[in-house]
J.: 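Mind having a look at this structure? Questions to follow.
Chain identifiers are assigned alphabetically (A, B, ...) following the order of the sequence lines, protein sequences preceding nucleic acid strands; residue numbering begins at 1 within each chain. Remember, it's a predicted structure, so these values are computed and weren't measured experimentally. When reading the values below, keep in mind they use all heavy atoms of this one structure, side chains included, and skip hydrogens, waters and symmetry mates.
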Amino acid sequence: MPRVISEPERPSRTPLPELRHTAAHVLAYAVQDLFPDAKPTIGPAIENGFYYDFDRAAPFTPEDLERLEKRMLEIVAANYEMTGRQVTRAEAVARFEENPYKAELAREIPEGEPITLYTIGAFTDLCRGGHASATGAIGAMKLTSVAGAYWRGDEHNPMLQRIYGTAWHTQAELEAYLRFLEEAQKRDHRKLGAELDLFSIEEEAGGGLIFWHPRGAVMRAAVENFIRDGLRERGYQPVVTPHVVHEKLYEISGHLENYAENMFGPLEVEEQRFRLKPMNCPGHILIYKGHPRSYRDLPLRFSEFGTVYRYERSGVLHGLTRVRGFTQDDAHLFCTPDQLQGEFEQTLDEALRLMHAFGFEDFEYFLSTREAKLRVETDPLAEEAIRKALQSRALPYGIDEGGGAFYGPKLDIYVRDAIGRKWQLGTVQVDFVLPKRFDLHYRGSDGQDHPPVMIHRALAGSLERFFGILIEHFGGNFPAWIAPVQAVVVPISEHQQEYAREVRDRLFTRGFRIEIDESNEKLGYKIRRWKTQKIPYILVVGKQEAAGGTVNVNERALAGGAEPAEKRTIAVDTFAAELQARIDGKA
RNA sequence: GCCGUUGUAGCUCAGUGGUAGAGCACGUCCUUGGUAAGGACGAGGCCAUGGGUUCAAUCCCCAUCAACGGCUCCA
């Protein structure tokens, strides 16, 4: 006998995931009403809303979404009670005879787990549960987009149509979320990158390949210099390795065996096969191997802004954050097993220092272990080093089973940006495997040869990706130490041109990135232009300033959103000192 | 790669079966102006590419290319 299950009694508010899961049912109900030919498949709650995948020949149009949304609001207003009942497997399969997807799901529910059907109004769905008690709990919702998606995410399966939506307790929350989306759109690094003339991707050159324009390149240099100084302080030695090397190198390293699907194909020259480098490690290993090494030489720390090329399917390319050619702030440490822990912890500290310098405060850590089939006996040692380092710094972390590199487990560091989005940045990996594959060794104090342990680390990760994240994090309002132009001198009229050039030259000589606006426009126009370009300081010079050897400082809002100082007239040297202090303080 | 959407001037976008328009940007001139858009004139387009339908295609059809939203969230 089927047994009626009622959703548990709840305090006033339905948890958001349950509310959103309910909204997915409401969507499927509306689709059933308006598009009876569409077969519902699965529809879970997701981070900010929900989706539901349907199998239907004709695509859903934006107009269809509007109609569906209207129907959904009626279903919400009707406040149908969500009722569930447990059924037998045979019953469930029979119930979804017309829907092979649901039937497949029903057949695959593990023995012993209850099979349940949930109903709102005239719509019944196979579902595990976890809902609001009634559709009226959905305070506000909106359908956002429609996209293709494979059945169960597998590209060998049929393509379904996925409708995305968002749902909240209140209209105010929905509106806040929509404002957040708008803000994210405003900060989109592809849009800002074009507006601020930082970089481009050229159709003639191909997708996923970045052209850094003068403004972007000068910012990149500022970031690189900062990273370089840190590396130098911590005993890293810069090295440079070729972009194209003989394929044999990647046979030895195991890249051809384990990483070939991410590599560009071979280049043939004089019957020899070469490859674009997908990683810098084999090159650094060759440098290690070039001399006999003693334990007294270790740890050796080789660093390189190494440009690598990886094949990504055309559909996944995205601005600066998913590209085919990028430069890592890469380094490889070669150390003795005894040194591993200390080196790893130091590397972790460097990573945090770097993130803080760029204004990131919120971090998450994930330990990725290696895939079962690749695991070797040293993996537990490597994982242990990562765990101990995290524990010694009292950092909580998550675990990604099987997400590690093919040569070892890794620690990935995620940051939250100014509007709360999570991005993966640095990665630190422990490797006992490549030293063996390349037969690396060092002479120990016992007079015997031993294999070193390697740490692979890229703290900003890819400079392209890091740069994209910085653009979105700051919304283009870069702190002065990174800003492509730190100040612009704006003469009020041509009569101040000579003085303006003098100011520009004085500041330029001190090493600032400074421009001058000699265009034949009114002051208001010029101010607007440079504000739009988000330049930190506009130095207005007119008759008074020229007479007094001063500049009138018009300051942009600060990166953190703090109010800028009042406009003020100060001596050129005073301004220079202030700008220098801000640059030094990375403010 | 697959599904969907889009492709018109440097940028943002109108538009029509009879080979094109606006705003911004750009150039010249007037103007020499005190803190987010002064005015006039001008230049600029193989309407993504290749086929087809038609007397005629930027527009309709097909293919290709590219960009964008997704394809990880498992009843």
J.: For RNA chain B, determine which residues of residues 189-200 of chain A have any heavy atom closer than 4.0 angstrom to one of its atoms, and list them numerically.
T.: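 Those residues whose heavy atoms fall under 4.0 Å from RNA chain B, taken from residues 189-200 of chain A in numerical order, are R190(A).
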J.: Heavy atoms from C-beta onward define the side chain here; which of U32(B), A36(B), G34(B) lies closest to that of R528(A)?
T.: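 Among the listed nucleotides, the one closest to the side chain of R528(A) is A36(B).
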J.: Select one nucleotide: of C71(B), G4(B), G1(B), the one nearest the side-chain heavy atoms of R313(A).
T.: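 Taking heavy atoms from C-beta onward, the closest nucleotide is G1(B).
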J.: Identify the nucleotide, in any strand shown, that forms a Watson-Crick or G-U wobble pair with G27(B), with both distances under 3.5 Å; if there is none, say none.
T.: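 Paired with C41(B).
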J.: Between Y414(A) and W423(A), does the ring centre distance come in under 6.0 Å?
T.: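 When the ring centroids of Y414(A) and W423(A) are compared, they turn out to be at least 6.0 Å apart.
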J.: Rounding to the closest angstrom, what is the interatomic distance between C46(B) and C41(B) at atom C1'?
T.: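 Taking atom C1' in both C46(B) and C41(B), they lie 28 Å apart.
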J.: Which whole-number value in Å describes the distance from D188(A) CG to U12(B) P?
T.: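 Computing the D188(A):CG to U12(B):P distance gives 13 Å.
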J.: Please state the P separation for the pair C24(B) and U64(B) - nearest whole angstrom.
T.: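 My reading of the P atoms in C24(B) and U64(B) gives 40 Å.
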J.: Quote, to the nearest angstrom, the P distance that separates G15(B) from A56(B).
T.: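 The answer is 27 Å between these two P atoms.
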J.: Base, sugar-phosphate or nothing for P114(A)? Non-hydrogen atoms, less than 4.0 Å.
T.: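 Touches a base.
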J.: Quick one: sort the F123(A) and Y29(A) rings into parallel, tilted or perpendicular, breaks at 30° and 60°.
T.: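 Ring orientation of F123(A) relative to Y29(A): parallel.
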J.: Does the structure show a Watson-Crick or G-U wobble partner for A67(B), both distances under 3.5 Å? Name it, or say none.
T.: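 Pairing partner, where one exists within any strand: U5(B).
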J.: Using the C1' atom on both, measure A37(B) against A25(B) and round to a whole Å.
T.: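 Each nucleotide's C1' atom is 12 Å from the other's.
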J.: Using the P atoms only, state how far G23(B) lies from G42(B), rounded to an integer number of Å.
T.: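 Nearest-Å result for G42(B) against G23(B) at atom P: 13 Å.
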J.: Using Watson-Crick or G-U wobble geometry with both distances below 3.5 Å, tell me the partner of G17(B), or none.
T.: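 Result: none.
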J.: Rounded off to whole Å, could you give me the CD-to-P distance for the E202(A) and A66(B) pair?
T.: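 Taking atom P of A66(B) as the reference, CD of E202(A) is at 15 Å.
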J.: Can you tell which of U35(B), C73(B), A25(B) lies closest to the side chain of Y51(A)?
T.: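 Per side-chain heavy atoms of Y51(A), the pick is C73(B).
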J.: Once you apply a heavy-atom cut-off of 4.0 Å, does I109(A) come out as touching a base, just sugar-phosphate, or nothing?
T.: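 If one applies the 4.0 Å heavy-atom cut-off, I109(A) turns out to touch a base.
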J.: Rounding to a whole Å, what distance do you find between H21(A):NE2 and C73(B):P?
T.: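 Atom-to-atom, H21(A) to C73(B), this comes out as 14 Å.
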J.: Would you indicate which nucleotide in C2(B), G38(B), G34(B) comes nearest to any side-chain atom of N552(A)?
T.: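 Nucleotide nearest to N552(A)'s side chain: G34(B).
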J.: Which is true for G524(A) with a 4.0 Å heavy-atom rule: it touches a base, it touches only sugar-phosphate, or it touches nothing?
T.: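 Sugar-phosphate, backbone atoms only, no base.
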J.: Does a donor on one side chain and an acceptor on the other come within less than 3.5 Å for R85(A) and T119(A)?
T.: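 Note: R85(A) and T119(A) side chains miss the donor-acceptor criterion.
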J.: Please give, in whole Å, the distance from C3(B) P to N157(A) CG?
T.: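 Going from CG in N157(A) over to P in C3(B) covers 14 Å.
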J.: Let's test this: given Watson-Crick or G-U wobble pairing with both distances under 3.5 Å, identify the partner of U12(B).
T.: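 The base-pairing partner of U12(B), which may sit in any strand shown, is A22(B).
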J.: Among G34(B), G1(B), C74(B), find the nucleotide with the atom closest to the side chain of Q544(A).
T.: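 Between G34(B), G1(B), C74(B), the one nearest the side chain of Q544(A) would be G34(B).
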J.: Considering only U32(B), C74(B), G70(B), which nucleotide approaches the side chain of A147(A) most closely?
T.: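 In terms of side-chain proximity for A147(A), the closest of U32(B), C74(B), G70(B) is G70(B).
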J.: Establish, with yes or no, whether the OP1 or OP2 oxygen of A67(B) is under 4.0 angstrom from a side-chain nitrogen or oxygen of H318(A).
T.: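 For A67(B), OP1/OP2 do not have a side-chain N/O of H318(A) under 4.0 Å.
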J.: Check for me whether R556(A) meets the cation-pi criterion with W530(A), that is, NZ or CZ under 6.0 Å from the six-membered ring centre and within 45 degrees of the ring axis.
T.: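 No, R556(A) does not sit over the ring of W530(A).
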J.: Check for me whether R313(A) meets the cation-pi criterion with Y311(A), that is, NZ or CZ under 6.0 Å from the six-membered ring centre and within 45 degrees of the ring axis.
T.: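 Cation-pi check for R313(A) and Y311(A): fails.
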J.: Among L411(A), L367(A), D412(A), which one satisfies side chain to side chain contact (heavy atoms under 4.5 Å, CB included) with Y397(A)?
T.: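 The residue from L411(A), L367(A), D412(A) that satisfies side chain to side chain contact (heavy atoms under 4.5 Å, CB included) with Y397(A) turns out to be L367(A).
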J.: Roughly how many Å apart are C60(B) and G1(B), using the C1' atom of each and rounding to a whole number?
T.: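 Roughly 30 Å separates the two C1' atoms.
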J.: When rounded to the nearest Å, what value does the distance between P atoms of U8(B) and A67(B) take?
T.: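 One P to the other, the span is 14 Å.
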J.: So F54(A) and Y52(A), would you call those rings parallel, tilted or perpendicular, with 30° and 60° as cut-offs?
T.: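 Rings of F54(A) and Y52(A): parallel, as their planes differ by under 30°.
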J.: Within the structure shown, what part of the strands sits under 4.0 Å from R162(A) by heavy-atom distance: base, sugar-phosphate, or nothing?
T.: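 Sugar-phosphate contact only.
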J.: Taking only N and O in the side chain of Y525(A), is any of them less than 4.0 Å away from OP1 or OP2 of A25(B)?
T.: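 It does, given that an N or O in the side chain of Y525(A) lies less than 4.0 Å from OP1 or OP2 of A25(B).
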J.: Reckon G207(A) touches a base, only the sugar-phosphate, or nothing at all at heavy-atom distances under 4.0 Å?
T.: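 G207(A): backbone/sugar contact only, no base atoms under 4.0 Å.
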J.: Mind checking the C1' distance from G33(B) to G38(B)? Whole angstroms is fine.
T.: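 Result for the C1' pair: 9 Å, nearest Å.
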J.: Taking only the side-chain nitrogens and oxygens of R529(A), find out if one of them lies under 4.0 Å from OP1 or OP2 of C26(B).
T.: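 Looking at the OP1 and OP2 atoms of C26(B), one of them is under 4.0 Å from a side-chain N or O of R529(A).
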J.: So V490(A), base contact, sugar-phosphate only, or nothing? Heavy-atom distance under 4.0 Å.
T.: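 No contact.
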J.: Please state whether the base of G34(B) and the side chain of E545(A) form at least one donor-acceptor pair under 3.5 Å?
T.: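 It does, because a donor-acceptor pair links the side chain of E545(A) to the base of G34(B) below 3.5 Å.
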J.: Hydrogens and angles aside, do R152(A) and Y101(A) bring a side-chain donor and acceptor to less than 3.5 Å of each other?
T.: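 No, because no side-chain N or O of R152(A) sits under 3.5 Å from a partner of the opposite role on Y101(A).
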J.: Applying a 4.0 Å non-hydrogen cut-off, can you work out what I115(A) is touching in the nucleic acid: base, sugar-phosphate, or nothing?
T.: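 Since a base atom lies under 4.0 Å of I115(A), the category is base.
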J.: With salt bridge (Lys or Arg N to Asp or Glu O under 4.0 Å) as the test, pick out the partner of E555(A) among K531(A), R568(A), K534(A).
T.: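 Checked K531(A), R568(A), K534(A) against E555(A); only one passes salt bridge (Lys or Arg N to Asp or Glu O under 4.0 Å): R568(A).
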J.: Compute both the distance and the angle, then confirm whether R20(A) meets the cation-pi test with F50(A): under 6.0 Å from the six-membered ring centre, within 45 degrees of the axis.
T.: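 Here R20(A) fails the 6.0 Å and 45° test against F50(A).
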J.: Rounded to whole angstrom units, what separation is found between the CD atom of Q533(A) and the C1' atom of C11(B)?
T.: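 Rounded to the whole Å, the gap is 13 Å.
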J.: Across all strands, who's sitting opposite U58(B) as a Watson-Crick or G-U wobble pair, both distances under 3.5 Å?
T.: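 Pair assignment: U58(B) / none.
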J.: What's the CD-P distance between E518(A) and U32(B), to the nearest Å?
T.: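 Whole-Å distance recorded here is 19 Å.
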J.: Would you please classify the geometry between the F35(A) ring and the F60(A) ring as parallel, tilted or perpendicular, with 30° and 60° separating the classes?
T.: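 Rings of F60(A) and F35(A): perpendicular, over 60°.
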J.: At 4.0 Å (heavy atoms only), tell me whether I527(A) reaches a base, stays on the sugar-phosphate, or touches nothing.
T.: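 I527(A): base contact, heavy atoms under 4.0 Å.
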J.: So K526(A), base contact, sugar-phosphate only, or nothing? Heavy-atom distance under 4.0 Å.
T.: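 It contacts nothing in the nucleic acid.
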J.: On the side chain of Y150(A), is there an atom forming a donor-acceptor pair with the base of G70(B) - under 3.5 Å, no angle test?
T.: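 No.
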J.: Please give, in whole Å, the distance from U5(B) C1' to Y164(A) OH?
T.: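 Taking OH of Y164(A) and C1' of U5(B), I get 15 Å after rounding.
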J.: Look at the side chain of T532(A) and decide which nucleotide, out of A36(B), G38(B), U35(B), has an atom nearest to it.
T.: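 Output: A36(B).
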J.: Give G315(A) one of three labels, base, sugar-phosphate or nothing, depending on what nucleic acid heavy atoms sit under 4.0 Å from its own.
T.: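 Base contact - G315(A) has a heavy atom under 4.0 Å of at least one base atom.
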J.: Mind checking if D125(A) touches a base, just sugar-phosphate, or nothing, with heavy atoms under 4.0 Å?
T.: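 Result for D125(A) = nothing.
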J.: Answer yes or no for R162(A) and Y150(A): cation-pi contact, defined as NZ/CZ to six-membered ring centre under 6.0 Å and angle to ring axis within 45°.
T.: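 No, a cation-pi geometry is absent between R162(A) and Y150(A).
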J.: In the strands shown, is U32(B) matched to any nucleotide by a Watson-Crick or G-U wobble pair with both distances under 3.5 Å, and which?
T.: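 Across any shown strand, U32(B) pairs with none.
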J.: Hunt down the Watson-Crick or G-U wobble partner of U72(B), both distances under 3.5 Å, from any strand shown, or write none.
T.: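 Pairing partner, where one exists within any strand: none, as none qualifies.
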J.: Tell me the interatomic distance from I163(A), atom CD1, to C71(B), atom P, rounded to whole angstroms.
T.: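 Interatomic distance, CD1 of I163(A) to P of C71(B): 15 Å.
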J.: Given A36(B), C26(B), G34(B), which nucleotide is nearest the side-chain atoms of K531(A)?
T.: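 For K531(A), the side-chain atoms sit closest to A36(B).
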J.: Given that D154(A) and Q161(A) both sit by RNA chain B, which one's nearest nucleotide is further toward the 5' end?
T.: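 By nearest-heavy-atom nucleotide position, the 5'-most residue is Q161(A).
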J.: May I ask you to verify whether the side chain of N520(A) and the base of U31(B) hold a donor-acceptor pair under 3.5 Å?
T.: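 A donor-acceptor contact between them is present.
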